[in-house]
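Working notes, beginning with the structure itself.
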Protein chains: 2
Amino acid sequence: MAAPEKKTRSTAQKALIRDALASETRFVSAKQLHRRLEDDGASVGLATVYRQLNALGRSGDADTITIGETQLFRACAQSEHHHHLVCEHCGTAVEVDPPSEDWMRTVAGSHGFEITHHVFEIFGICADCRAAGTD
Amino acid sequence: MAAPEKKTRSTAQKALIRDALASETRFVSAKQLHRRLEDDGASVGLATVYRQLNALGRSGDADTITIGETQLFRACAQSEHHHHLVCEHCGTAVEVDPPSEDWMRTVAGSHGFEITHHVFEIFGICADCRAAGTD
DNA sequence: CCACTAATGGTAACGTGTTTCATTACTTCT
DNA sequence: AGAAGTAATGAAACACGTTACCATTAGTGG
Ligand SMILES: [Mn+2]
Ligand SMILES: [Mn+2]
Ligand SMILES: [Zn+2]
Ligand SMILES: [Zn+2]
């Protein structure tokens with residue numbers, strides 16, 4: 001029973017997408033990133049952007065949150081489990097530590113649940129956007 | 001500047017939807033509720049289910065969470081702000097108190113953010129579903 | 001180079017959820 | 001009760017993010 005041995009292939013598009021996401025400090029959508037890529041002269045298909053963004057999310061190299069009906073991605077500095085304080089206007093995000101993982105397991109266990117995952121994100125308006133919005 | 005004075009009208013569908021949701025202990029989607037209504041013999045349009053569910057959510061009479069790409073609703077007993085421990089298999093939910101609202105405001109303020117809202121839901125598998133899944 | 005096949009990209013298809021608009025039926029007024 | 005006014009409904013069209021399909025391109029290893 002040899003391991004499935006999935007061999008991945010490095011392409012120009014893959015690098016472009018990864019780098020574009022890495023250079024972004026905000027949470028961005030697939031469409032936004034695609035827009036930026038073609039603005040920079042690169043030509044990458046939207047389907048590929050979706051594929052690679054999903055791949056980055058699966059491999060843990062990118063965090064993802066959903067705002068409204070669109071999914072946003074971000075290449076986070078921190079690799080450990082963490083959460084975010086997100087500006088719902090511009091997407092700027094700050095990394096935040098989780099609020100006691102043990103407590104969750106305890107309360108879940110007391111109800112017979114086995115935790116699979118949890119979502120915890122704080123949304124707000126950042127100082128910049130608040131200043132800009134006051135006009 | 002008198003208040004907008006929106007006058008609402010009571011209809012049979014409105015009552016049916018509200019009661020159906022109230023009788024449900026799980027988080028349910030619009031489609032699920034619509035299915036159940038027509039299974040019970042009632043004839044209500046899907047658009048109306050969406051409309052009323054949204055209305056209940058707006059008025060605070062129903063909590064809502066998003067799992068995947070579909071929105072789920074539940075008429076919660078507790079009217080104060082709270083969160084949920086949700087079985088991602090059957091939708092059963094347990095009400096849970098927030099971890100510490102002050103802490104959020106503090107960490108947000110220290111980054112210049114003004115909190116608008118936050119999402120915090122714990123997902124897992126309930127005892128029943130875990131037992132049923134072991135076959 | 002060659003053969004193999006992962007990856008791409010344009011587009012069709014999909015699933016939620018919303019909007020439109022003609023029709024229905026609550027409310028209020030007389 | 002009857003008529004008028006207008007929320008509310010419902011079927012279908014629409015919007016939109018995301019995925020599936022599939023012919024074509026291009027890494028990789030020999
Ligand atoms: Mn992060
Ligand atoms: Mn609740
Ligand atoms: Zn901002
Ligand atoms: Zn369950």
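In what follows, chains carry the letters A, B, and so on, assigned in the order in which the sequence lines appear, proteins first and then strands, with residues in each chain numbered from 1.
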Can you identify which nucleotide, out of [options], has its nearest atom closest to the [X] side chain?
X	options	answer
A:Asn54	D:dT19, C:dA7, D:dG17	D:dT19
B:Gln13	D:dG17, D:dG10, C:dG17	D:dG10
A:Ser10	D:dT28, C:dG9, D:dG17	D:dT28

Identify, between A:Leu46 and B:Phe73, the residue whose nearest nucleotide on DNA chain C lies closer to the 5' end.
->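 Upstream on the strand: A:Leu46.
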
Taking only side-chain nitrogens and oxygens of [X], does any of them come within less than 4.0 Å of OP1 or OP2 of [N]?
X	N	result
A:Gln52	C:dT8	yes
B:Tyr50	C:dT18	no
A:Thr48	C:dG9	yes
B:Thr8	D:dA7	no
A:Thr11	C:dT8	yes

Rounding to a whole Å, what distance do you find between [X]:[atom1] and [N]:[atom2]?
X	N	atom1	atom2	result
A:Arg18	C:dT8	CZ	P	12 Å
A:Leu56	C:dA7	CG	P	13 Å
A:Lys31	D:dT18	NZ	P	9 Å
A:Gln71	C:dG15	CD	P	18 Å
B:Lys7	D:dT6	NZ	P	9 Å
A:Arg35	D:dC16	CZ	P	15 Å
A:Leu16	C:dA7	CG	P	16 Å
A:His34	C:dT11	NE2	C1'	13 Å

Sidechain-backbone polar pair: B:Arg130 side chain, B:Ile125 backbone, donor-acceptor under 3.5 Å =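 Side chain of B:Arg130 to backbone of B:Ile125, a donor-acceptor pair under 3.5 Å: yes, one is there.
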
Report yes or no: is there a donor-acceptor pair, N or O only, under 3.5 Å between the side chain of A:Arg51 and the base of C:dG9?
->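 Yes, a donor-acceptor pair under 3.5 Å.
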
Classify the side chain of A:Arg9 versus the base of D:dG29 as yes if they form a donor-acceptor pair under 3.5 Å and no if they do not.
->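 No, no donor-acceptor pair under 3.5 Å.
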
CA sep, side-chain torsions, deciding dist, call: A:Asp63, A:His84, side-chain hydrogen bond (donor to acceptor under 3.5 Å, both in side chains) = CA-CA 10 Å; A:Asp63 277 358; A:His84 304 96; 3.3 Å; yes

Indicate the ring-plane relationship of B:His117 and A:Phe123, choosing parallel, tilted or perpendicular according to the 30° and 60° boundaries.
->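 Parallel, since the angle between the ring planes stays under 30°.
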
For B:Ser43, report the nucleic acid contact type (base, sugar-phosphate, nothing); a contact means any heavy atom under 4.0 Å.
->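 Sugar-phosphate only.
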
If two hydrophobic side chains count as joined below 4.5 Å and joins carry through other members, does A:Val86 share a cluster with A:Leu53?
->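 A:Val86 does not cluster with A:Leu53.
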
Criterion side-chain hydrogen bond (donor to acceptor under 3.5 Å, both in side chains) on A:His118 and A:His81, from CA distance to verdict | CA-CA 11 Å; A:His118 62 271; A:His81 178 67; 3.0 Å; yes

